[in-house]
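Here is the structure we will look at, set down as structure tokens.
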Amino acid sequence: MRTRTVIPVVVFFLIFSLSAAFAQNKADFSNTINAGRLKTAKDTAWHKIEFGANLNQGSFSSNWTGGGVNSVALGVFFNALNEKKTGKNSWRNDFQSQYGIVRNKGQQSRKNVDRIFFDTKYNRELSPKWSLFANINFLSQFAAGYEYSAATDSVAFKKKVSGLLSPAYLTEAIGIEYRPAPYFFVDLAPGALRQTIVVDRDLYVNTPDQKNYGVPIGKRVRTEAALIQLVANFDKDVAKDVNLKFRYLMFSTFQDPLEIDNRLDAQLTAKINKYVNVNLGAIVVYDKDQSTKIQFAQALSIGFLFAL
């Protein structure tokens, strides 16, 4: 078995080891997330809305001997989560969006974060911890992304490598869910379908090895069927005013089951006071249709947060 196939297998067993530990613990009603959704033993309705903006700025005098460059960065985000349960039926909608730009002196503005995520899911309870589910998931970005050359006087100083719906990922899945705690669940979906969308037909000339995110050149959509799709989702206040959320996705196709796509989105948020927070976010991706190497992105910011 190749090294890249070992990673998701290890993660898989870690997830279920954590699940067994969670199952032995009682619900933590001191956690505001759990308290909001566990007020009644039967039907529940729970939602959370977050809006925030982060601003970072740095400047140096012309005689600053330590070196440096003047810069300013602005980021905004909007998240909304809604869960409703009636009898054995439940519905969950999760929307997340982020966009940020940074500008260094002598350079044009460049984006440093860009994400649109939406997941809607229906569950039919089989037991307190197990249920059947059907869901639709969408992932894309707001604006065009560019790869920049170090030589600013080059004709190809910047190349467009992505854009709105270029790429985008639409996934439909039916499977079984294991939820050992209100803040953690694992979804297993054999036979899930995923459409990779690249609206810009000319984008392939700038993508690594002209892979065009796996979409055949000249086409706009590629459909893949999963041998297995696994999603693990965690969202919990791990300490007072400190929230950790992550979503791990593993996607293995029938066509090439050993070439497993992996994506981890994680965010740690700490509230300093009612309206000020610190965010630490990270994204790790391995997808051979994007790059033969593991991709990593990280951001740390402080700014305004409004939660409802």
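Small disclaimer: the values here were computed from a predicted structure and weren't measured. Positions are given from 1, in the same order as the sequence printed here.
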Please check if the side chain of [X] supplies one atom and the backbone of [Y] the other of a donor-acceptor pair under 3.5 Å.
X      : Y      : value
Ser140 : Leu165 : yes
Lys211 : Lys288 : yes
Asp119 : Asn135 : no

State plainly whether one hydrophobic cluster holds both [X] and [Y], where clusters connect Ile, Leu, Val, Met, Phe, Trp and Tyr through side-chain heavy atoms under 4.5 angstrom apart.
X      : Y      : answer
Leu244 : Val186 : yes
Phe78  : Val276 : no
Phe251 : Tyr169 : no
Phe246 : Val238 : yes
Tyr146 : Leu203 : no

Worksheet item: Does Ile174 CD1 have over 12 foreign heavy atoms under 6.0 Å away?
Response: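 For Ile174, atom CD1 is not crowded (no more than 12 foreign heavy atoms under 6.0 Å).
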Indicate yes or no: does [X] engage [Y] in a salt bridge with an N to O separation below 4.0 Å.
X      : Y      : answer
Asp235 : Lys48  : yes
Asp261 : Arg263 : no
Arg222 : Glu224 : yes

Item to complete: Determine, stepwise, if the pair Arg92 / Asn82 fulfils side chain to side chain donor-acceptor pair (under 3.5 Å).
Response: CA-CA 6 Å; Arg92 184 178 192 270; Asn82 179 273; over 6 Å; no
Is it true that [Y] and [X] share a donor-acceptor pair across their side chains at a distance under 3.5 Å?
X      : Y      : answer
Asn70  : Ser59  : no
Gln229 : Thr171 : no
Asp43  : Thr86  : no
Asp200 : Ser166 : no

Practice prompt. Mind telling me whether Phe95 and Phe118 have parallel, tilted or perpendicular rings, with 30° and 60° as the class edges?
Written response: tilted
Worksheet item: Considering only heavy atoms from C-beta outward, does the side chain of Asn277 approach that of Asp241 to under 4.5 Å?
Response: no
Worksheet item: Does some side-chain heavy atom of Asn206 sit less than 4.5 Å from a side-chain heavy atom of Glu147?
Response: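 The answer is no, as the side chains (C-beta and beyond) never meet within the 4.5 Å cut-off.
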Practice prompt. Any chance you could lay out the side-chain contact (heavy atoms from CB on, under 4.5 Å) test for Asn79 and Phe117, step after step, and finish with the verdict?
Written response: CA-CA 9 Å; Asn79 302 325; Phe117 172 89; over 6 Å; no
Worksheet entry | Aromatic ring proximity Phe51/Phe306, centre distance under 6.0 Å |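 No - the distance between ring centres of Phe51 and Phe306 does not fall below the 6.0 Å cut-off.
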